[in-house]
Number of protein chains: 2
Amino acid sequence: MSESQNTRALAPRRHGEILRRLAADGTVSITALADFFDVSRQTIRRDLKHLADRGQLDLVHGGATLFEPTEAAFTERREENAGAKAAIGRTAADLVRDGMVVFLDSGTTTLAVAQALIERKNLTICTTSLSIALLMCRQPLVRVHMLGGEIDPVEEAAVGIDALEAISHFRVDVAFLGGGGLSPDGEVTDFTRSGAEQRSRMAALAGKAYFVLDSSKFGRLTPLRIPRFELAAGVIVDRRPPEAICEALERKGPSLIVST
Amino acid sequence: MSESQNTRALAPRRHGEILRRLAADGTVSITALADFFDVSRQTIRRDLKHLADRGQLDLVHGGATLFEPTEAAFTERREENAGAKAAIGRTAADLVRDGMVVFLDSGTTTLAVAQALIERKNLTICTTSLSIALLMCRQPLVRVHMLGGEIDPVEEAAVGIDALEAISHFRVDVAFLGGGGLSPDGEVTDFTRSGAEQRSRMAALAGKAYFVLDSSKFGRLTPLRIPRFELAAGVIVDRRPPEAICEALERKGPSLIVST
DNA sequence: CAAATATGTTGCAAAATGTAATTATTATTT
DNA sequence: AAATAATAATTACATTTTGCAACATATTTG
């Protein structure tokens with residue numbers, strides 16, 4: 001285009017302005033931002049993805065919103081990528097046979113796994129998630145153990161020292177765990193220290209542990225590495241991640257399972 | 001493409017505004033919303049349907065109203081003594097002050113207590129009930145501790161040895177406990193051995209313990225006496241039981257509290 | 001009660017947005 | 001200044017959202 005005005009800004013400057021607008025209005029629109037900075041929408045998308053990977057905002061169709069840990073956030077998250085999560089759930093359920101002891105982590109993807117597991121018989125379910133416990137205890141032929149502890153209102157699940165200790169009492173055949181992101185170097189990462197520690201213990205404890213991650217988490221860089229995550233048997237995703245991630249992951253040990 | 005006149009709001013922003021208006025006015029009109037956001041009525045209808053699917057509002061002809069669990073209220077009405085339970089809940093809540101640590105047993109009557117407690121601030125709730133934990137963790141200014149254990153599918157609550165042990169870790173100001181019946185000789189009884197034991201421990205542990213029993217339980221004879229039930233501070237009921245029961249109860253110690 | 005008006009529903013087309021791969025530009029390093 | 005890496009733009013195509021129009025249903029009005 002003709003000579004662009006000097007309004008063009010470097011990435012850090014854009015990021016600052018984006019967050020400022022977000023704080024002021026609650027939402028930002030990709031088109032409006034691209035127009036304002038006089039850059040392509042692609043660039044703005046990259047900016048938003050970058051910020052979202054750091055948990056500073058939530059991506060939505062057409063822009064982004066404040067990252068709000070509210071009740072609405074949980075019910076909304078359940079609908080994001082619903083198809084992908086259901087597919088992951090079915091693939092996960094294929095790894096479970098009647099009569100097994102299954103651990104289910106909190107999260108919307110693991111909730112999808114729980115839904116798929118309703119088909120199985122005589123399962124014993126261990127979980128920290130209130131929703132999963134409630135869902136599964138209403139099914140016939142399922143025993144449910146709820147791990148106690150302080151309830152995190154964002155996850156609607158037990159966290160903290162009590163939950164951590166309760167985990168060690170169980171012997172489980174297979175565990176399905178969530179995660180905050182799948183980093184470029186093939187590691188599953190998390191948002192909080194306690195969450196990472198909790199998942200780490202489960203991965204170590206279960207006969208086989210699988211992380212379930214939908215594709216929106218690919219390349220996302222959340223602050224905490226999940227210790228000893230290599231002990232996991234595999235990572236279940238809804239489609240094949242970028243090649244670099246695949247290679248890094250397989251080098252570390254866990255196999256990559258892509259749901260069909 | 002030509003420059004877009006894009007001051008148009010993102011879907012989540014519309015959703016937020018719709019809910020805000022709903023909270024303020026009690027109703028919203030499709031025409032008014034379509035006009036305000038400068039989008040078609042279909043779009044607003046889709047928004048409202050989306051929100052209705054998540055239980056955040058009720059659709060009505062021409063718009064939407066605040067979500068009233070009318071269906072729930074109806075089925076509750078069908079359930080015996082819904083009004084009685086609500087009254088007991090209010091009376092129980094009067095015994096609780098902001099900032100207290102409250103234990104809530106499982107059961108429909110204690111759920112009514114939980115509902116009445118939403119008014120209070122800075123409570124810490126300990127419970128074995130999945131429904132109560134889920135309800136309360138969605139309220140602001142409430143901390144929730146879920147006691148873990150095997151889930152009884154009838155009560156939808158934790159029972160068994162884990163729950164029993166978890167109880168002893170807590171110091172609670174006041175406990176509200178359910179019961180299977182109020183026997184003719186003024187004792188609270190229960191259906192199961194483990195339930196009786198659990199309630200007994202809670203009654204012993206809490207600063208003040210109250211049994212909450214609606215009038216359908218008067219004179220009912222269930223198999224198990226709750227040990228040391230006399231340690232309870234009181235029994236809350238929705239109307240005065242037969243004179244014989246009253247006398248027997250007060251002779252044992254707990255006071256009788258009739259909700260108004 | 002019936003006509004008039006407003007609202008709900010459906011299928012489909014258009015517009016906007018998302019994604020990925022490739023090319024161009026800018027910055028950094030040597 | 002040339003080589004290299006990082007960032008952004010462009011393009012092409014899939015997906016989602018929105019708007020439109022025709023018709024069915026409900027509500028209001030006389």
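Proteins come first, then strands; the chains are lettered A, B, ... in the order of their sequence lines, and each starts at number 1. Hydrogens, waters and symmetry mates play no part in the numbers below; they use all other heavy atoms, side chains included.
- Between B:Thr43 and D:dT17 there is no side-chain N or O to OP1 or OP2 distance below 4.0 Å.
- For A:Arg239 (side chain) and A:Ser215 (main-chain N/O), no donor-acceptor pair under 3.5 Å exists by modelled atom type.
- Listed by chain and residue number, A:Arg20, A:Arg21 satisfy the side-chain hydrogen bond (donor to acceptor under 3.5 Å, both in side chains) test with A:Glu17 (two or more places apart in sequence, or in another chain).
- The backbone N or O of A:Leu104 lies less than 3.5 Å from no partner atom in the side chain of A:Thr110, so there is not a single donor-acceptor pair.
- Proximity of A:Arg45 to the phosphate of D:dT7: no side-chain N or O atom is located under 4.0 Å from OP1 or OP2.
- Checking C:dG8, C:dA20, D:dA21 against the side-chain heavy atoms of A:Gln42 singles out C:dA20 as nearest.
- A residue-by-residue look at B:Arg41 and B:Arg46 shows that B:Arg41 has its nearest nucleotide of DNA chain C further toward the 5' end.
- Straight-line distance from the CG atom of B:Leu10 to the C1' atom of D:dT17: 11 Å, rounded to whole Å.
- The CG-P distance, from A:Asp38 to D:dA9, rounds to 8 Å in whole Å.
- Under the 3.5 Å distance criterion, with hydrogens and angles disregarded, a donor-acceptor pair is assigned to the side chains of A:Arg45 and A:Gln42.
- The side chain of A:Arg14 places an N or O atom within less than 4.0 Å of a non-bridging phosphate oxygen (OP1 or OP2) of D:dA8.
- The NZ atom of A:Lys49 sits 17 Å away from the C1' atom of C:dT17 (whole-angstrom rounding).
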